2 protein chains.
Amino acid sequence: MTVTDRRLRERAQRHDLIIAAARDLAEAEGWEAVTTRRLAELVEYSQPVLYSHFDGKDAIVRAVAIGGFADLARQLRQARSAFDEPGPALRAVCGAYLTFAAERPALYQAMFMLPTDVKFASEDTPPPLKAAFGELVGALKPFGAQPELLAEVTWAALHGLAVLSRSGRIPPEHQEARIDLLVNQLIAGMS
Amino acid sequence: MTVTDRRLRERAQRHDLIIAAARDLAEAEGWEAVTTRRLAELVEYSQPVLYSHFDGKDAIVRAVAIGGFADLARQLRQARSAFDEPGPALRAVCGAYLTFAAERPALYQAMFMLPTDVKFASEDTPPPLKAAFGELVGALKPFGAQPELLAEVTWAALHGLAVLSRSGRIPPEHQEARIDLLVNQLIAGMS
DNA sequence: CTCGTAGATCTAGCGCCGCTAGAATTCATG
DNA sequence: CATGAATTCTAGCGGCGCTAGATCTACGAG
């Protein structure tokens with residue numbers, strides 16, 4: 001069945017091609033420019049082909065988001081492992097999170113801002129998402145008895161800094177100072 | 001010119017009626033249900049009338065948002081003034097912020113999540129917005145030398161908690177514990 | 001009081017959206 | 001080579017934000 005195999009392989013490639021096209025188009029022109037018509041044109045197929053791969057536009061965005069979690073987890077792990085002491089490691093993880101959000105805003109938006117039905121804290125949470133959150137929990141473990149709760153608050157603060165500065169609601173300057181302040185206060189008086 | 005006066009008055013009433021209809025419909029069915037056609041039906045005029053009051057749908061959302069800032073500022077002021085000591089006052093302001101976000105999610109979304117060109121930290125920032133942010137700065141003033149920077153970080157954390165719990169990305173439980181943790185850490189080691 | 005006109009309002013429609021039914025085409029298999 | 005299934009396309013539905021031009025209303029001049 002090598003013929004059928006080839007077909008399946010080509011189909012999988014096209015699946016990934018659609019996701020990549022959606023991600024790149026969103027990053028270039030924003031999610032409002034990502035329409036099924038433009039996507040179909042980019043992958044050089046007609047619109048209905050998209051629906052043989054995904055249940056609809058939302059499912060495409062969801063697939064982009066899940067790919068992003070793997071990237072984010074990798075970046076956070078790399079930042080954390082570059083430091084031995086827990087303080088600098090935490091600072092590096094927070095910095096890496098905000099760098100990711102700033103450098104790939106559309107991807108970040110798909111992951112954390114657009115409506116989603118991806119489960120976050122449940123047993124069927126996608127593994128890449130668990131890994132990303134796990135990095136943050138790990139970086140906070142040395143600083144408190146409830147690292148999960150602390151991680152949720154830290155994540156919330158980082159997310160807030162990311163989206164409020166991105167949308168112009170807080171000025172773009174002093175972002176590094178905000179990270180320093182946040183990290184210092186989070187670990188103040190802890191272990 | 002009492003006749004013209006009456007016309008102007010009726011026109012202003014209709015202006016407010018459109019804003020209220022948009023806010024209520026968004027709160028009832030979400031912003032994706034707020035279309036110019038449904039809005040026109042609700043105010044019992046045809047679609048083009050909306051465009052004699054606002055430049056477009058975005059301008060209607062913006063008007064809803066600005067109304068929300070006045071409400072939020074009022075709630076925060078009330079929470080802060082109920083306590084004399086700065087610690088409990090800050091805790092109350094943070095709690096009031098998250099209560100506002102939880103009870104009026106669509107309004108909150110218009111204010112802080114939808115794309116906007118409202119200026120936040122500039123000279124032509126709408127006064128209600130300045131007032132809301134000023135309440136947070138005021139509550140934090142006793143705790144640091146840079147209350148603005150601290151207020152930005154605090155606001156970011158509150159915003160993160162509001163939207164991540166709203167979208168199901170952090171579990172709805174323990175929200176009070178998160179606020180306590182946040183407030184305690186924010187003022188840890190400060191004056 | 002009549003009537004022309006200016007302003008307010010509506011009808012109808014444009015180009016776009018997400019999505020899908022059914023036709024046309026392709027291609028592995030009997 | 002013929003056939004039936006799988007694949008892909010053409011064409012179109014209803015709804016979106018928005019607008020041009022027709023229609024209606026009502027005020028002020030004669």
Side-chain angles (χ1 to χ4, degrees), chain A residues 1-19 21-23 25-26 28-65 106 109-110 113-117, chain B residues 1-19 21-23 25-26 28-65 106 109-110 113-117:
Chain A
M1 289 288 181
T2 57
V3 177
T4 307
D5 274 4
R6 178 178 52 78
R7 293 227 153 180
L8 281 175
R9 205 168 50 242
E10 287 173 356
R11 191 176 170 75
Q13 282 175 2
R14 198 172 58 182
H15 180 97
D16 294 347
L17 181 61
I18 293 168
I19 295 175
R23 178 178 11 84
L25 179 55
E29 303 184 30
W31 281 108
E32 73 280 357
V34 180
T35 71
T36 56
R37 282 173 174 81
R38 286 202 64 182
L39 224 41
E41 190 183 5
L42 280 174
V43 299
E44 294 178 311
Y45 284 93
S46 67
Q47 265 181 299
V49 168
L50 302 177
Y51 293 87
S52 74
H53 287 275
F54 301 95
D55 280 347
K57 188 188 168 181
D58 288 358
I60 300 177
V61 177
R62 197 154 50 238
V64 171
Q109 201 172 17
M113 296 176 72
L114 301 181
T116 181
D117 45 6
Chain B
M1 287 291 183
T2 58
V3 175
T4 306
D5 274 4
R6 177 178 54 77
R7 294 226 155 179
L8 280 177
R9 204 167 52 241
E10 287 172 356
R11 191 176 169 76
Q13 282 174 3
R14 198 172 60 182
H15 180 98
D16 294 347
L17 180 61
I18 293 169
I19 296 174
R23 179 180 7 87
L25 180 56
E29 303 183 31
W31 280 107
E32 73 280 359
V34 179
T35 70
T36 56
R37 284 174 174 78
R38 288 201 63 183
L39 224 41
E41 189 183 6
L42 279 173
V43 300
E44 295 179 309
Y45 283 92
S46 67
Q47 267 182 298
V49 168
L50 301 178
Y51 293 87
S52 73
H53 287 275
F54 301 95
D55 280 346
K57 188 188 169 181
D58 288 358
I60 299 177
V61 177
R62 197 155 51 238
V64 171
Q109 202 172 17
M113 297 175 72
L114 301 182
T116 181
D117 45 5

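These numbers come from the heavy atoms of this one structure, side chains and all, not from hydrogens, waters or symmetry mates. Here the structure is a predicted model, which means the values were calculated and not measured. Below, read A as the first sequence line, B as the second, and so on, with proteins coming before strands; counting in each chain starts at 1.
Between the side chain of R37(A) and the base of dG18(C) there is at least one donor-acceptor pair of N/O atoms closer than 3.5 Å. A donor-acceptor contact under 3.5 angstrom links the side-chain atoms of Q47(A) to the base of dC19(C).
Annotation: of the two residues near DNA chain C, A33(A) and P48(A), the 5′-most nearest-nucleotide partner is A33(A).
What you find for A22(A) and V64(A) is that their closest heavy atoms are CB-CG2, 4.0 Å. Nearest heavy-atom pair, R14(B) versus S52(B), reported as atom, atom and distance to 0.1 Å: NH2-OG, 4.2 Å. Residue A21(B) comes nearest to L39(B) through the heavy atom pair C-CD1, 3.9 Å, listed as atom of the first residue, atom of the second, then distance.
Here R14(B) reaches the OP1 or OP2 of dT9(C): one of its side-chain N or O atoms lies under 4.0 Å away. Considering only side-chain N and O atoms, T36(B) lies under 4.0 angstrom from the phosphate OP1 or OP2 of dG17(D). Of the side-chain N and O atoms in R38(B), none sit less than 4.0 angstrom from OP1 or OP2 of dG17(D). Checking the phosphate oxygens (OP1, OP2) of dT8(D), no side-chain nitrogen or oxygen of S46(A) falls inside 4.0 Å.
dC10(C) atom C1' lies 13 Å from atom CG of L50(B), rounded to whole Å. Spacing between atom CG of D58(B) and atom P of dG17(D) amounts to 10 Å, rounded to whole angstrom units. The nearest whole Å value for the distance from the CD atom in E32(B) to the C1' atom in dG18(C) is 14 Å. In this structure, CD of E41(B) is placed 13 Å from P of dC10(C), rounded to the nearest angstrom. Taking atom CD of residue E29(B) and atom P of nucleotide dG15(D), one finds them 15 Å apart after rounding to whole Å. The OH atom of Y51(B) sits 16 Å away from the C1' atom of dT11(C) (whole-angstrom rounding). Here dC16(D) presents its C1' atom at 14 Å from CG of L39(B), a figure rounded to the nearest Å. In this structure, the NE2 atom of H53(A) is 17 Å from the P atom of dG18(C), given to the nearest Å.
Minimum atom distance to the side chain of T35(B) is reached by dC16(D), of the listed dC19(C), dC16(D), dC9(D).
Using a 4.5 Å heavy-atom threshold, the side chains of Y51(B) and T36(B) count as touching. Side-chain atoms of L17(A) and Q13(A), non-hydrogen and from C-beta on, never get closer than 4.5 Å to each other.
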